[in-house]
Amino acid sequence: MNGLNPDQLDAVNTLSGPLLVLAGAGTGKTRVITYRIVKLIQTGTPRERILAVTFTNKAANEMRERLMPMIDVKQKTPQPHDKFKPKYAKNRFAEDDPQPTVSTFHSLCVKILRRQIDKLGYPLKFAIYNRGDQESLARTVLREINVNDKMMAPNQLLFHISNWKCKSLKPGDAIMQSESDAQHLAAIAYQRYQRQLKISGAVDFDDLLLLTEELFRTHEEVRSEEAARFDHLLIDEYQDTNTSQYRIVKALASQHRNLCVVGDDDQSIYGWRGAEVEHILSFNRDWPDAKVVRLEDNYRSTTSIISLANTLIKFNKTRHDKVLRAARPGGDVPALRQYDNETVEAQETVRSIQRRLEEKGREPRDFAILFRTNEQPRPFETELRKAKLPYVLVGGMSFFDRKEVKDLLAYFRLLDAEPDDISILRIINKPPRGIGKKSIEKLLDHSVKQKVPLWDMIAGDAERPKLTSAVDRGLNGLVESIGIVKAQMGGLSLVETARLLIDRTNYKAEIEKTYSEPEDRESHWAVVEQIVSALGEYERSTRKPTLSKFLDKLLLGDQSPDDDKEKQLKKNAIALMTMHSAKGLEFPEVYMVGLEEGILPHKRSLEDDDAGVPEERRLCYVGVTRAEELLTLSMSLSRMKWGKAKPTNLSRFVFEMFGKTDSPNYARRKRVQ
DNA sequence: AAGTTAGTTTTGTTT
DNA sequence: AAACTAACTT
């Protein structure tokens, strides 16, 4: 345990009872968590009785990577294939060697639900709907109740639904409590949305938490059984817990009370998806005997950067009082640059990076360009390309949002006994089989009216509505392909099954139809191959591999063919990302761009001044504290909107940071010329 | 000639 | 994603 300061040691050594670690940015939070787990093991806690929960898979992977070398893991006996690919052997431990569990909330819940599925009282098929699936379901639901896009867009509905879900509000309650017409409409749609999910045996991401929480509430024996699995519970990024997660934590920790939560209320930036800072602010109310440890020594950034961050965050009224102390003295004072328009902003930023690369001996990986919204990176990408500088756009489309991935996963689901409707509809005409909108409508209509599952009808187990012979032929073709695969899959490995499926359904034709350029075709086909190799990897590393478990894993992001981007980051490229996705990362040189009113703080957050602006301020704080040595802030004096250049105002946060005024309102009045 | 499907264009874009 | 338009099927 060398190299830890007294506060960190205190947090590591407080091994029993509730503990709140208030860890500011760059204070070695991750180290404290890992060391604490090591200490627990050293003092005799059985490994398998330790559970650490993170919010993202990335965080979980990182924690595992840090932990494994420190706790002496029995390696899995190398398999023949591992000899050729040693990277697969890394971090793979023997199955009879118990290890601490490091998991995200979502995969934790899936495990619990799988174990307790009989208590659930309804046939959950673990089809987990991701954003795209949710959207198409929302669209169908809205159409069913005759609501057009103008009245309520699918996204709006999903926003309402997720708001209700993170407060564990059931559709019935939502209808009762709705205050406006729009809310009432959304509540009715919510009811149908849930019903449809239930019929398909599907859940969305929120449901995973919600169902677990409900199961704990209604079945005490389930709660105590699951709680008894662990003696120690550690939660990272506690400021990001929503109500469901908060209750699950409470339910799991109430017996042993060995709960350690780590977080920073100043970095709570996910309020818009249900996180409540109150949970970390009032930790002492739930656990009155909780010990509180504050980590305030920042080892990441220079004094100039930290003092800027401290000045900014003081403008937030409700927070745990703590001040970051920089361990690295001095440093260049962050600069503020103003440019005429966003193109110049991008050009000059890239030029500045180029200069630093040449003059200061920096590497591309030392730089990050942080922005607020996803429309901002475009000009920067253009300029970086022109300058031939390597860059990675982090975030953006995740691997699972790629349509090839979704299509293939949908095809995989068709091999299940009762595939869900969304999956069927996704690939029913991919590649084109002559089944168009009208025929699909007829099928759906028939399925609802006759109460026949969609697949039974398509597969010919139930009567089909009258369709043209071309459509019938198309459907039969699909059923036949699936049938062939199903018949053979018993004797095949998962990879062989997948290959056969892709081959039989002629998925390649879909890619060739969509992309005419050979380059595009290749890159999109490569995605398909990636999935198959991920499947192979899963098959090799799991004792009883099944396709449906693989699908869960993929959806939950447990496995990551997604690490493509991370590899690139490691491979030495300039990082372009939103301030949201920058949380937890650090870079020697950070450029925060587009610091304008309406962007940061975002205009949507201004509608709700009480909660919105402080959260945007925290987001800005997160951005500032990413920088180790050099921070450059910039804004563009005009920005294109609807094809016209519109003047902009400097963000109020810049005024706050540089102490030009005490009043946050100053920025609103002052126009920068 | 009507009804469908396939392919193209327009529109609208937070986190 | 919706709205059009051209092409195809029966």
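Residue numbers begin at 1 in each chain, while the letters A, B, ... track the order of the sequences.
Remark: P of dT13(B) and NZ of Lys603(A) are 11 Å apart, rounded to the nearest angstrom. Counting to the nearest Å, the C1' atom of dT13(B) and the CD atom of Gln376(A) are 13 Å from each other. To the nearest angstrom, P of dT14(B) lies 12 Å from CZ of Arg372(A). As rounded to whole Å, 19 Å separates atom P of dT15(B) from atom CZ of Arg618(A). Between Ile599(A) atom CD1 and dT15(B) atom P the separation is 12 Å, expressed in whole Å. If you take CG of Leu600(A) and P of dT14(B), they are 17 Å apart, rounded to a whole angstrom. Look at CD on Gln134(A): it is 14 Å from P on dA1(C), rounded to the nearest Å. Between the CE atom of Met579(A) and the P atom of dT14(B) there is a distance of 18 Å, given to the nearest Å.
Taking the six-membered ring for Trp and thresholds of 30 and 60 degrees, Tyr190(A) and Trp164(A) have nearly parallel ring planes, at less than 30 degrees apart.
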For Phe587(A) and Phe367(A), what are the C-alpha separation, side-chain angles and deciding distance, and is it a side-chain contact (heavy atoms from CB on, under 4.5 Å)? CA-CA 6 Å; Phe587(A) 302 89; Phe367(A) 296 88; over 6 Å; no

Ser168(A) vs Glu213(A), test: side-chain hydrogen bond (donor to acceptor under 3.5 Å, both in side chains). Steps then yes/no. CA-CA 9 Å; Ser168(A) 339; Glu213(A) 185 208 324; 3.3 Å; yes

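When Watson-Crick and G-U wobble pairs are counted only if both distances are under 3.5 Å, dT15(B) pairs with no nucleotide at all. Nucleotide dT5(C) forms a Watson-Crick or G-U wobble pair with dA6(B), both donor-acceptor distances falling under 3.5 Å.
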Pairs under 3.5 Å (N/O, protein and nucleotides 1-8 of chain B):
residue	atom	partner	partner atom	Å
dT4(B)	OP1	Lys442(A)	NZ	3.1
dT5(B)	OP1	Gly436(A)	N	2.9
dT5(B)	OP1	Ser439(A)	OG	2.4
dT5(B)	OP2	Lys437(A)	N	3.4
dT5(B)	OP2	Lys438(A)	N	3.1
dT5(B)	O5'	Gly436(A)	N	3.4
dA6(B)	OP1	Gly434(A)	N	3.4
dA6(B)	OP2	Asn429(A)	ND2	3.0

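Checking the phosphate oxygens (OP1, OP2) of dT10(C), a side-chain nitrogen or oxygen of Arg473(A) falls inside 4.0 Å. Between Ser469(A) and the phosphate of dT10(C), there is a side-chain N or O to OP1/OP2 separation shorter than 4.0 Å.
Between the side chains of Tyr193(A) and Asp204(A), at least one donor-acceptor pair of N or O atoms lies under 3.5 Å.
The ring of His580(A) does not lie on top of the base of dT15(B); it is either too far (5.5 Å or more) or too tilted (30° or more).
Listed for the Glu615(A) side chain is no donor-acceptor partner under 3.5 Å among the backbone atoms of Gly612(A).
Between Lys29(A) and Glu237(A) there is a salt bridge, with a side-chain nitrogen of the basic residue lying less than 4.0 Å from a carboxylate oxygen of the acidic one.
The structure places CD of Glu404(A) at 11.5 Å from CD1 of Ile502(A), a figure rounded to the nearest 0.5 Å.
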